[in-house]
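So the structure is just underneath, and the comments pick up after that.
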Amino acid sequence: MVIKSFGDKLTEKIFSGDDLNKKERKKIGSLVVERAESRLDQLDTADEKDLLLAPHLYYHKLKGTKRYSIDADSRKSPWRITFEWENEEMMNVLLVLIEDTH
């Protein structure tokens, strides 16, 4: 396992494949849960080289932070999975919605 901690319970539930309640499903809206779960599974077995070699994940460092990001669903989706690297382990893995504020 590469993922050592989650930033919230919802991301952890999706990773574990647990059923989401109505409120949680409403919160994630258009996110394809199965694809997000698959991406979290990929993260759990990946190192940075694996992520760099998987162009469909759009792995990149977030400017001005120590966090990294991949697409949670697809390139067109506003959902991202963010995390920090600590001694080759991922910490504070979090599913976030990138919203257009314009």
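Numbers here are sequence positions counted from 1.
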Next item on the list: State, to 0.1 Å, how close L43 and M90 come at their nearest heavy-atom pair, and which atoms those are.
Entry: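 Result for this residue pair: O-CE, 3.4 Å.
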
Checklist line | Which atom of K61 lies closest to which atom of K66, heavy atoms considered | finding: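 Result for this residue pair: NZ-CA, 3.7 Å.
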
side-chain contact (heavy atoms from CB on, under 4.5 Å) partners for [X], two or more places apart:
| X | result |
| --- | --- |
| D19 | none |
| K63 | none |
| S74 | R35, K76, S77 |

Transitively linked via ILVMFWY side-chain contacts under 4.5 Å: [X] with [Y]?
| X | Y | result |
| --- | --- | --- |
| L20 | L95 | yes |
| I81 | L97 | yes |
| V93 | V32 | no |
| F15 | W85 | yes |

Item checked: Under 3.5 Å: donor-acceptor pair, side chain of D73, backbone of L31 ->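 Checking the backbone N and O of L31 against the side chain of D73, no donor-acceptor pair under 3.5 Å is found.
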
Notebook entry, point to check: With sequence neighbours left out, what residues match R25 under salt bridge (charged side-chain N to carboxylate O under 4.0 Å, His left out)?
Noted result: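 If we apply the salt bridge (charged side-chain N to carboxylate O under 4.0 Å, His left out) test to R25, skipping adjacent residues, there are no hits.
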
Margin query: Under the rule for salt bridge (charged side-chain N to carboxylate O under 4.0 Å, His left out), what residues qualify as partners of E86, not counting sequence neighbours?
Written below: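 By the salt bridge (charged side-chain N to carboxylate O under 4.0 Å, His left out) rule, E86 matches no residue at all.
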
Notebook entry, point to check: Please, which pairs that meet ring pair (Phe, Tyr, Trp, His ring centres under 6.0 Å) have at least one residue in residues 43-64, sequence neighbours excluded?
Noted result: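 Output for this query lists Y59-Y68.
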
Margin query: For R80 and I70: C-alpha separation, side-chain torsions, deciding distance, then whether side-chain contact (heavy atoms from CB on, under 4.5 Å) applies.
Written below: CA-CA 6 Å; R80 306 289 177 263; I70 66 167; over 6 Å; no

Notebook entry, point to check: What pairs with E37 under side-chain hydrogen bond (donor to acceptor under 3.5 Å, both in side chains), at least two apart in sequence or on another chain?
Noted result: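 So E37 forms no side-chain hydrogen bond (donor to acceptor under 3.5 Å, both in side chains) with any residue.
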
Next item on the list: Could you pull out all residues at least two apart from T82 that satisfy side-chain hydrogen bond (donor to acceptor under 3.5 Å, both in side chains)?
Entry: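 Expected list: R67.
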
Could you tell me whether the side chain of [Y] reaches within less than 4.5 Å of the side chain of [X], counting heavy atoms only?
| X | Y | value |
| --- | --- | --- |
| I28 | W79 | yes |
| L57 | R39 | yes |
| D44 | L40 | no |

Tabulate below the donor-acceptor pairs under 3.5 Å that side-chain atoms of residues 1-9 make, not counting sequence neighbours, or state none.
residue: K4; atom: NZ; partner: M1; partner atom: O; Å: 3.4
residue: S5; atom: OG; partner: N92; partner atom: N; Å: 2.8
residue: D8; atom: OD1; partner: T11; partner atom: N; Å: 3.1
residue: D8; atom: OD1; partner: T11; partner atom: OG1; Å: 2.4

Note to self: Return the OG to CG distance between S69 and L51, rounded to the nearest 0.5 Å.
What the structure shows: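 It comes to 11.0 Å.
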
Check: With a cut-off of 6.0 Å (strictly less than), are more than 12 heavy atoms of other residues, nucleotides or ligands near NZ of K27?
Finding: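 No, because the 6.0 Å sphere around NZ of K27 holds 12 heavy atoms or fewer from other groups.
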
